[in-house]
Amino acid sequence: MRIATYNVNGVNGRLPVLLEWLEATAPDVVCLQELKAPDEKFPAAAIEQAGYGAIWHGQKSWNGVAILARGGTPVETRRGLPDDPDPAQSRYLEAAVNGVVVGCLYLPNGNPRPGPKFDYKLRWMAAFEALAGKLFDLGEPVVLAGDYNIIPTEADVYKPERWVDDALFAPDVRAAFKRLTDAGWTDALRHLHPDEQVFTFWDYFRNAFARDAGLRIDHQLLNAAAAKRLKAAGVDRSARGLPKTSDHAPVWIELK
DNA sequence: ATGCCCTTGCGTCAAGGA
């Protein structure tokens, strides 16, 4: 079972890229972030045509998350975080697919720091951490996949010194991510590629992708039941090179 | 220290992203 997460940066603007990638790689489950579309503008027909059932949690202009299942339909288990600090922002959706619980998240960016946006990021992370605590011991495999907007360590950014004041690399943000892995959640990509430089995002500025000036901010955290089944993980870098593409690349894991 | 690029929205600029 292959589970992918992909911040599409506008599901309608990137629809040709999304469909090309689905066709080329055929993941079993896909978590999408940054739909930037209200519910009624989610391209459900085109996605169904590609062979995927879907559930989505949209919002006008910003945010928005969706879960796709190849040849089926995800069974929704949660919409929004419990104690969400701002329920108007669509950033969390959760579903069961073939016995695996998949949480799809779009964690707030938090810039500029300090400020209200950074405070919101911290509050959102606290609510997410509380939910993760409940999900870990569910008994079934759980995968929390999405755009975390967190650079976990200096190894996850092309030039750490440039990012010391950024909300993605802030000490309390990195500490929150470390608390999750210390609690037993497995950072799938880093677990299988401990010494490799692996990026999932390259900004549109300064020809960043061509220079490989990237960040690793899209993650899949696995509870113990899911980690036992982890076989492989990787980044579909080729999608980042397509015309009119997202600034993120899809990240995938393979579970036995 | 700042802009770079790219998206959406009632829109020909602003705001958000990371």
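Since the model is a prediction, treat every value here as computed from it, not as a measurement. The sequence lines fix the lettering, A, B, ..., with proteins before strands; numbering per chain opens at 1. What you see below is based on every heavy atom in this structure, not just the backbone, and it leaves out hydrogens, waters and symmetry mates.
- For A:E94, the side chain to side chain donor-acceptor pair (under 3.5 Å) partners at least two apart in sequence or on another chain are A:T77, A:R78, A:Y92.
- Here the side chain of A:H219 pairs no donor or acceptor atom with the backbone of A:I151 at under 3.5 angstrom.
- Using C1' as the reference atom, B:dT12 and B:dT7 are 15 Å apart when rounded to the nearest Å.
- Grouping the Ile, Leu, Val, Met, Phe, Trp and Tyr side chains by contacts below 4.5 angstrom, directly or via other members, places A:V102 with A:L255.
- When the P atom is used for both B:dT8 and B:dG3, the distance is 23 Å, rounded to whole Å.
- Per the geometry, CG belonging to A:D247 stands 10 Å off P belonging to B:dC6, to the nearest Å.
- Scanning for side chain to side chain donor-acceptor pair (under 3.5 Å) contacts around A:D84 gives an empty result, with sequence neighbours left out.
- Comparing B:dC5, B:dT7, B:dA18 by their closest approach to the side chain of A:N111 singles out B:dA18.
- The side chain to side chain donor-acceptor pair (under 3.5 Å) check on A:T153 picks up A:D156, with sequence neighbours excluded.
- For B:dG17, neither phosphate oxygen OP1 nor OP2 lies less than 4.0 angstrom from any side-chain nitrogen or oxygen of A:N109.
- When the P atom of B:dC5 is taken as reference, atom NE2 of A:H248 falls 18 Å away, rounded to whole Å.
- Taking atom CG of residue A:L242 and atom C1' of nucleotide B:dC6, one finds them 16 Å apart after rounding to whole Å.
- In this entry the distance linking CG of A:N63 with P of B:dT7 reads 17 Å, nearest Å.
- Less than 4.0 Å separates DNA chain B from at least one heavy atom of each of the following residues of residues 145-171 of chain A: A:D147, A:N149, A:L168.
- Every side chain to side chain contact (heavy atoms under 4.5 Å, CB included) that A:Y204 has, sequence neighbours left out, goes to A:N9, A:R14, A:R240, A:D247.
- Of the two residues contacting DNA chain B, namely A:L107 and A:Y204, the nearest-nucleotide position lying further toward the 5' end is that of A:Y204.
- Rounded to whole Å, the separation between the C1' atoms of B:dT2 and B:dA18 comes to 15 Å.
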Quiz: residues 50-64 of chain A side-chain donor-acceptor pairs under 3.5 angstrom, not counting sequence neighbours:
| from | atom 1 | to | atom 2 | distance (Å) |
| --- | --- | --- | --- | --- |
| A:Y52 | OH | A:P27 | O | 2.6 |
| A:W56 | NE1 | A:D39 | O | 3.1 |
| A:Q59 | OE1 | A:N63 | ND2 | 3.2 |
| A:Q59 | OE1 | A:S90 | N | 2.7 |
| A:N63 | OD1 | A:R91 | NH2 | 3.2 |

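- Comparing B:dC10 with B:dC5, their P atoms sit 26 Å apart, to the nearest whole Å.
- Checking the phosphate oxygens (OP1, OP2) of B:dG17, no side-chain nitrogen or oxygen of A:N7 falls inside 4.0 Å.
- At least one donor-acceptor pair closer than 3.5 Å links the side chain of A:T200 to the backbone N or O of A:I217.
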Residues 123-140 of chain A side chain polar contacts: donor-acceptor under 3.5 Å, at least two apart:
| from | atom 1 | to | atom 2 | distance (Å) |
| --- | --- | --- | --- | --- |
| A:E129 | OE1 | A:R179 | NH2 | 3.0 |
| A:E129 | OE2 | A:R179 | NE | 2.8 |

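- Residue pairs meeting the ring pair (Phe, Tyr, Trp, His ring centres under 6.0 Å) criterion with at least one member in residues 12-31 of chain A, sequence neighbours excluded: A:Y6-A:W21.
- The P atoms of B:dA15 and B:dA1 are separated by 24 Å, rounded to the nearest whole Å.
- Counting to the nearest Å, the P atom of B:dG16 and the CD atom of A:E34 are 13 Å from each other.
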Quick one: side chains of residues 108-119 of chain A, donor-acceptor pairs under 3.5 Å with protein atoms, not counting sequence neighbours, listed by atom name and distance.
| from | atom 1 | to | atom 2 | distance (Å) |
| --- | --- | --- | --- | --- |
| A:N109 | OD1 | A:N111 | N | 2.9 |
| A:N109 | OD1 | A:N111 | ND2 | 3.1 |
| A:N111 | OD1 | A:A167 | N | 3.0 |
| A:N111 | ND2 | A:D166 | OD1 | 3.1 |
| A:N111 | ND2 | A:D166 | OD2 | 3.3 |
| A:R113 | NH2 | A:V164 | O | 3.4 |

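- In this structure, A:K244 atom NZ and B:dC5 atom P are separated by 14 Å, rounded to whole Å.
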Each nucleotide N or O in nucleotides 8-15 of chain B that has a protein N or O under 3.5 Å away: list the pair and distance.
| from | atom 1 | to | atom 2 | distance (Å) |
| --- | --- | --- | --- | --- |
| B:dT8 | OP1 | A:G13 | N | 3.4 |
| B:dG9 | OP1 | A:S61 | N | 3.4 |
| B:dC10 | OP1 | A:K60 | NZ | 3.4 |

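- Under 3.5 Å, the side chain of A:D203 and the base of B:dA18 form no donor-acceptor pair of N or O atoms.
- B:dG16 and B:dG11: their C1' atoms are spaced 15 Å apart (whole Å).
- A search for side chain to side chain donor-acceptor pair (under 3.5 Å) contacts involving A:D165 returns nothing, not counting sequence neighbours.
- For the segment residues 205-219 of chain A, residues with any heavy atom less than 4.0 angstrom from an atom of DNA chain B are, sorted by number, A:F205, A:R206, A:L215, A:I217.
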